[in-house]
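Everything on this sheet refers to the single structure shown next.
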Amino acid sequence: MYKGLFILFITLFSVYCKRYGVDISQPCSQNAFTEMRTKNGVEFVIVRCWRSLDTTDPNCAASVRAAHSAGMAVGVYFFPCPYNCRKTPQQQVGEFYQYIKNNNLEGMIGEVWFDVEGEQYWSPDKSQNLAIYNDFLKNLLQQGYKQFTVGVYCSHYQWNRIFESSAKNAYSWMPLWWCRYDGHDSLFYNWQDFGGWTKDSNVVIKQYRGSSVLQSCGVDLNVMA
């Protein structure tokens with residue numbers, strides 16, 4: 001009996017300790033975020049703030065303010081231009097952080113996520129890609145030092161398409177937000193080790209469903225356990 005009650009307690013604890021969130025690449029209003037929080041149980045929002053076009057996302061500041069005012073925890077993601085770009089990683093990161101500063105967003109943002117996806121944006125040389133990746137993360141850490149937690153967004157599939165599967169990842173100690181569109185809101189459901197990350201390392205968010213709509217906003221769905 002006691003064993004059964006203990007198992008039930010652990011099950012309920014794991015279910016009710018989940019935190020749900022969304023990420024967005026389109027504008028979304030404060031009212032919509034408030035409805036997501038009160039009606040859909042959404043607790044955090046991750047907003048695109050840099051685009052692969054080599055420039056800031058013009059919707060970022062308004063969406064960050066809206067989500068923050070709605071009572072959400074807010075992060076932003078940096079979708080880089082990694083190859084054949086007008087600007088170096090250092091310049092892109094510098095402009096990104098300057099945009100955050102110019103719009104007085106520092107106190108609203110907790111995390112900055114470096115978005116690794118889309119092999120078409122990267123070099124065909126996988127060893128060169130690892131050097132580019134390292135350069136971006138070095139600059140994100142140095143220029144945002146002590147202001148933000150910096151993490152990586154990627155998936156097992158994208159990592160192995162962009163980098164050598166055996167490539168040594170000097171940044172696998174960083175928080176990971178991973179993607180697997182399986183519809184399961186469980187952090188490690190369908191998990192496969194990659195890039196030095198394992199179940200025992202710093203895996204914190206799973207993006208489990210894309211191209212969804214909540215309160216008239218286009219979102220991807222995420223879970224944090």
Side-chain angles (χ1 to χ4, degrees), residues 22-28 45-64 74-103 105-106 109-145 147-165 167-172 174-179 181 194-197 205 207 210-211 218-220 222:
V22 298
D23 61 273
I24 62 168
S25 58
Q26 302 294 326
C28 196
V45 179
I46 305 173
V47 180
R48 186 179 67 183
C49 214
W50 187 266
R51 301 182 293 177
S52 59
L53 299 174
D54 234 1
T55 184
T56 53
D57 187 324
N59 299 310
C60 173
S63 293
V64 168
V74 184
V76 296
Y77 72 90
F78 182 104
F79 190 18
C81 179
Y83 183 63
N84 282 340
C85 309
R86 294 175 295 111
K87 301 166 187 172
T88 66
Q90 184 178 18
Q91 289 170 326
Q92 291 183 56
V93 171
E95 289 186 23
F96 164 74
Y97 279 132
Q98 192 61 50
Y99 174 86
I100 289 174
K101 182 177 180 180
N102 290 347
N103 284 277
L105 304 178
E106 299 103 311
I109 295 169
E111 302 82 30
V112 171
W113 297 95
F114 181 64
D115 188 346
V116 180
E117 63 176 319
E119 61 185 294
Q120 68 272 26
Y121 302 112
W122 293 75
S123 166
D125 182 342
K126 291 187 175 183
S127 61
Q128 182 181 1
N129 285 339
L130 189 64
I132 294 168
Y133 166 87
N134 288 338
D135 198 4
F136 269 110
L137 284 175
K138 178 188 72 175
N139 279 282
L140 282 166
L141 287 166
Q142 288 178 347
Q143 297 188 44
Y145 180 60
Q147 282 187 289
F148 310 105
T149 298
V150 178
V152 176
Y153 169 92
C154 197
S155 69
H156 180 274
Y157 175 81
Q158 293 290 342
W159 182 271
N160 291 328
R161 298 291 293 184
I162 295 169
F163 310 110
E164 298 289 350
S165 59
K168 181 175 175 57
N169 179 12
Y171 295 98
S172 60
M174 296 174 67
L176 176 69
W177 168 23
W178 76 290
C179 172
Y181 289 163
F194 68 93
W197 286 286
I205 302 175
Q207 185 184 69
S211 303
V219 301
D220 299 323
N222 300 272

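Atoms considered below: every heavy atom in the structure, side chains included; atoms not considered: hydrogens, waters and symmetry mates.
Using a 4.5 Å heavy-atom threshold, the side chains of Leu176 and Trp113 count as separate. Residues Trp50 and Arg48 are not in side-chain contact: their nearest non-hydrogen atoms beyond the backbone lie 4.5 Å or more apart. Between His156 and Asn160, the closest side-chain pair of non-hydrogen atoms falls below 4.5 Å. Residues Val22 and Ile46 form no side-chain contact, since every pair of their non-hydrogen atoms from C-beta on lies 4.5 Å or further apart. Looking at Pro175 and Val152, their side chains never come closer than 4.5 Å, going by heavy atoms from C-beta outward. In this structure, the side chains of Phe96 and Val76 come closer than 4.5 Å at one or more pairs of heavy atoms. Here the side chains of Pro124 and Tyr83 are in contact, with some heavy-atom distance below 4.5 Å.
The shortest heavy-atom contact between Cys81 and Ser52 is CB-O, 3.4 Å. Closest approach of Gly195 to Ser172, counting heavy atoms only: O-CB, 3.3 Å. The two atoms that bring Phe136 and Pro80 nearest to each other are CZ-CB, 3.7 Å, heavy atoms only. Nearest heavy atom pair, residue Arg86 against residue Asp54, reads N-OD2, 2.9 Å. Pro27 approaches Ser63 most closely through the heavy-atom pair CA-OG, 3.7 Å.
Judged by distance alone, with hydrogens and angles left aside, the side-chain atoms of Gln158 form no donor-acceptor pair with the main-chain N or O of Val116 at under 3.5 Å. With Asn129 contributing its side chain and Ile162 its backbone, the two residues share a donor-acceptor pair below 3.5 Å. No donor-acceptor pair under 3.5 Å is formed between the side chain of Trp197 and the backbone N or O of Trp178. Looking at Asp135, its side chain never comes within 3.5 Å of a backbone N or O of Ala131 through a donor-acceptor pair.
Here the rule is side-chain contact (heavy atoms from CB on, under 4.5 Å) with Tyr171, and of Asn134, Val150, Leu140 only Asn134 fits it.
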Which is it for Val64 and Ile109 under the side chain to side chain contact (heavy atoms under 4.5 Å, CB included) test, yes or no, and what are the steps along the way? CA-CA 8 Å; Val64 168; Ile109 295 169; 4.1 Å; yes
Might you work through the side chain to side chain contact (heavy atoms under 4.5 Å, CB included) test for Asn169 and Trp159, ending with a clear yes or no? CA-CA 11 Å; Asn169 179 12; Trp159 182 271; 3.6 Å; yes
Do Asp57 and Phe79 pass the side chain to side chain contact (heavy atoms under 4.5 Å, CB included) test, and can you show the C-alpha distance, the side-chain angles, and the key distance before you say yes or no? CA-CA 10 Å; Asp57 187 324; Phe79 190 18; over 6 Å; no
Start with the C-alpha gap between Cys49 and Phe78, add the side-chain angles, then the distance that decides, and say whether side chain to side chain contact (heavy atoms under 4.5 Å, CB included) holds. CA-CA 6 Å; Cys49 214; Phe78 182 104; over 6 Å; no
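Inspection of the Ser127 and Asp125 side chains reveals an N or O donor paired with an N or O acceptor under 3.5 Å.
Note that the CD atom of Gln147 and the NZ atom of Lys101 stand 8.5 Å from one another [nearest 0.5 Å]. Distance check, rounded to the nearest 0.5 Å: CD of Gln92 to OG1 of Thr88 gives 7.0 Å. We find the CD1-CG distance between Ile132 and Leu137 to be 12.0 Å, quoted to the nearest 0.5 Å. For the atom pair Cys28 SG and Asn59 CG, the distance stands at 10.5 Å (nearest 0.5 Å).
Judged as a salt bridge (charged side-chain N to carboxylate O under 4.0 Å, His left out), and not counting sequence neighbours, the contacts of Lys87 are Glu95. Judged as a side-chain contact (heavy atoms from CB on, under 4.5 Å), and not counting sequence neighbours, the contacts of Gln207 are Asp23, Tyr153, Trp177, Cys179, Tyr181, Asp220, Asn222. Gln143 meets the side-chain contact (heavy atoms from CB on, under 4.5 Å) test with Gln90, Val93, Tyr97, Asn139; sequence neighbours excluded. Scanning for disulfide (SG to SG under 2.5 Å) contacts around Cys154 gives an empty result, with sequence neighbours left out. Annotation: salt bridge (charged side-chain N to carboxylate O under 4.0 Å, His left out) contacts of Lys126 (sequence neighbours excluded): none. For Glu164, there are no salt bridge (charged side-chain N to carboxylate O under 4.0 Å, His left out) partners two or more places apart in sequence or in a different chain.
More than 12 heavy atoms of other shown residues, nucleotides or ligands fall within 6.0 angstrom of atom CZ in Arg51.
Checked against the 6.0 Å centroid threshold, Trp122 and Phe163 count as a close aromatic pair.
Under the 30°/60° scheme for interplanar angles, the aromatic rings of Tyr133 and Phe114 are found to be tilted.
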